[in-house]
Amino acid sequence: MSELPPLTTTTAWRALGDHYTRMHETHLRDLFARDAQRGTRFTAEGAGLYLDYSKNRVTDETITLLLKLAEEAGLRGKVDAMFRGDKINITENRAVLHTALRAPRNAVIKVDGENVVPQVHAVLDKMAAFCQRVRTGEWKGHSGKRIRNVVNIGIGGSDLGPVMAYEALRHYTMREMTFRFVSNVDGIDFVEATHDLDPHETLFIISSKTFTTLETMTNAQSARDWLLQGLGGDSKAVAKHFVAVSTNAKKVAEFGIDTANMFEFWDWVGGRYSMDSAIGLSTMLAVGPDGFREMLSGFHQMDEHFRTAPFAKNLPVLMGLLALWYADFFKAETIAVLPYEQYLKRFPAYLQQLTMESNGKHVTLSGKQVDYATGAIFWGEPGTNGQHSFYQLIHQGTRLIPCDFIAFSHALTPLGRHHDMLIANVLAQAEALAFGKTADEVRKEGTPDWLVPHRVFQGNRPSNMIFADRLTPAILGALVALYEHSVFVQGAIWNIDSFDQWGVELGKALAQKIIPELEAPAEPVLSHDSSTSNLIRRYRAARK
Ligand code: G6Q
């Protein structure tokens with residue numbers, strides 16, 4: 001890859017800076033007043049999702065300049081490189097091919113000269129056969145009972161996607177089965193997840209790409225003990241109650257899981273991009289193989305949209321550019337993701353990893369300190385709950401918080417007038433944020449002068465509205481892929497490695513050093529800073 005000029009020296013970046021100076025005080029009220037078509041013009045559609053980005057602080061010129069920036073930053077070439085399987089995760093020398101996980105059977109995508117698509121489908125077929133056996137009751141536990149409970153043990157990318165997808169697709173799940181997710185090394189997570197489960201009917205999925213992660217291995221060991229204790233100690237029971245999802249067959253076998261019951265994935269799948277690999281085994285058990293394949297088809301539709309749609313009409317490109325516009329020019333620190341769909345309650349938590357682990361980087365691909373802000377802080381809660389708590393700050397606080405609203409035309413299980421009320425609220429919030437309420441308007445309502453400033457809504461607070469027909473497995477896939485690729489667009493322009501996560505390593509290594517210091521019977525010699533050493537001593541003293 002040829003070296004690109006530093007981002008802040010590109011013509012488009014400079015032009016955006018000038019443009020920002022000229023337009024950043026322009027109010028959305030004026031932008032809408034000037035252009036009656038704005039609400040329909042600033043929209044794009046793809047893979048079943050409709051994006052209305054008209055309530056953003058942009059003009060046609062802004063979009064033109066942002067697209068120019070994408071061009072100057074080599075976005076087109078970078079997109080092609082990812083889809084082609086180039087090793088764009090340069091610090092780990094790996095291809096980045098989550099798009100291959102949802103490619104159709106006849107696609108050809110090569111890593112080191114080998115077409116990976118047949119392996120992907122072989123694993124999907126193996127998962128489907130296994131899921132059918134469990135779901136029909138053909139797969140029996142050690143004592144001959146059918147499996148009714150599934151516990152996924154994993155953390156980070158091996159947990160957040162499966163949890164989010166299970167919650168999101170709950171409407172489509174096999175309700176007779178119970179699904180639980182254990183991630184935290186805090187033993188309470190395991191204890192609470194299993195306290196009411198019958199070990200005879202429980203299947204554990206140990207999901208770990210490396211099969212070395214401290215939390216997952218500790219929980220897996222506790223699960224093994226819990227199971228054997230419940231089943232009378234016969235270690236043969238493990239084969240019927242444990243399966244693994246991993247890239248590390250050796251470690252899986254060492255743990256005692258038959259590698260025939262291991263579902264494989266590959267080093268070109270990043271943890272936070274793995275929910276549509278075998279890491280999604282719990283999702284497939286819950287919604288069935290057809291539901292899972294439908295979800296993959298939604299992912300693939302968004303992949304194709306991202307790969308082929310002109311950038312000016314490309315959802316991930318537009319959303320990525322808007323996020324960059326706010327982060328780098330308006331200096332917005334965060335983006336709120338606000339799904340008006342209870343099933344998406346874990347979607348913001350899932351997105352936090354996807355976005356922040358990917359773009360929380362401070363050096364460029366060539367290791368130089370960046371001189372612009374990279375990944376924003378993502379956060380959020382489902383509406384309407386947030387309206388009664390933190391929305392106050394979004395409406396009237398001193399910070400600019402761009403919002404992504406997500407809403408659907410249909411409820412999956414309609415209940416009276418609930419859905420109309422839900423949608424009225426999401427539309428109202430976006431409207432209130434954009435247009436606010438002026439002092440004149442407040443006064444005209446008869447508000448006394450002293451109270452007027454408190455009741456003014458400045459407005460001009462930007463938002464995207466992502467709209468779809470209903471939350472199907474395919475739409476969930478498209479939505480996740482939309483954010484995956486939006487993250488990619490931002491990272492590509494910032495010229496950072498969105499696919500490594502070295503920032504999680506230091507704490508892990510230090511914890512490994514501290515564990516024996518907490519557990520040693522004799523007082524250990526401590527060489528930490530005075531704060532850490534003191535806290536270790538206090539903990540030891542308290543536990544004596
Ligand atoms: C994701 C990260 C990280 C990873 C977990 C679990 O992109 O790499 O969140 O998924 O640390 O790792 P294992 O799957 O190897 O246990």
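Side-chain atoms are counted along with the backbone in the values below, which use heavy atoms only and exclude waters and symmetry mates. Counting convention: from 1, in listed order, for ligands and their atoms alike. Sequential numbering from 1 along the given sequence is applied to the chain's residues.
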Minimum heavy-atom separation for Ser358 to Arg272, with atom names? OG-NE, 2.8 Å
Among all the protein's heavy atoms, is there at least one whose distance to atom 11 (O) of ligand 1 comes out below 4.0 Å? no
Atoms of ligand 1, numbered as shown, that sit under 4.0 Å from any heavy atom of Gln501: 7 (O), 8 (O)
Under 3.5 Å, N or O to N or O, is Gly157 touching ligand 1 that way? yes
When distances are taken from atom 2 (C) of ligand 1, the protein heavy atom at minimum range is Glu357 OE1, 3.5 Å
Give the residue, atom name and distance (to 0.1 Å) of the protein heavy atom nearest atom 15 (O) of ligand 1. Thr210 OG1, 2.6 Å
Test your reading of the structure: does Lys508 have an N or O sitting under 3.5 Å from an N or O of ligand 1? no
Of all protein heavy atoms, the one nearest atom 5 (C) of ligand 1 is Ile155 O, 3.5 Å
Provide the number and element of each atom of ligand 1 under 4.0 Å from a heavy atom of Ser158. 10 (O), 13 (P), 14 (O)
Non-hydrogen atoms of Glu215 versus ligand 1: any pair closer than 4.0 Å? no
Holding to salt bridge (charged side-chain N to carboxylate O under 4.0 Å, His left out), I want the full list of residues that pass it with Arg293, two or more places apart in sequence or in another chain. Asp125
Checking a contact table here: which protein heavy atom is nearest atom 3 (C) of ligand 1, and how many Å away? Gln353 NE2, 3.7 Å
Once the angle between the rings of His485 and Phe306 is folded into 0 to 90°, is it parallel (under 30°), tilted (30 to 60°) or perpendicular (over 60°)? parallel
So if I apply the ring pair (Phe, Tyr, Trp, His ring centres under 6.0 Å) rule between Tyr166 and each of Phe347, Tyr172, Tyr350, Phe179, which one comes out positive? Phe179
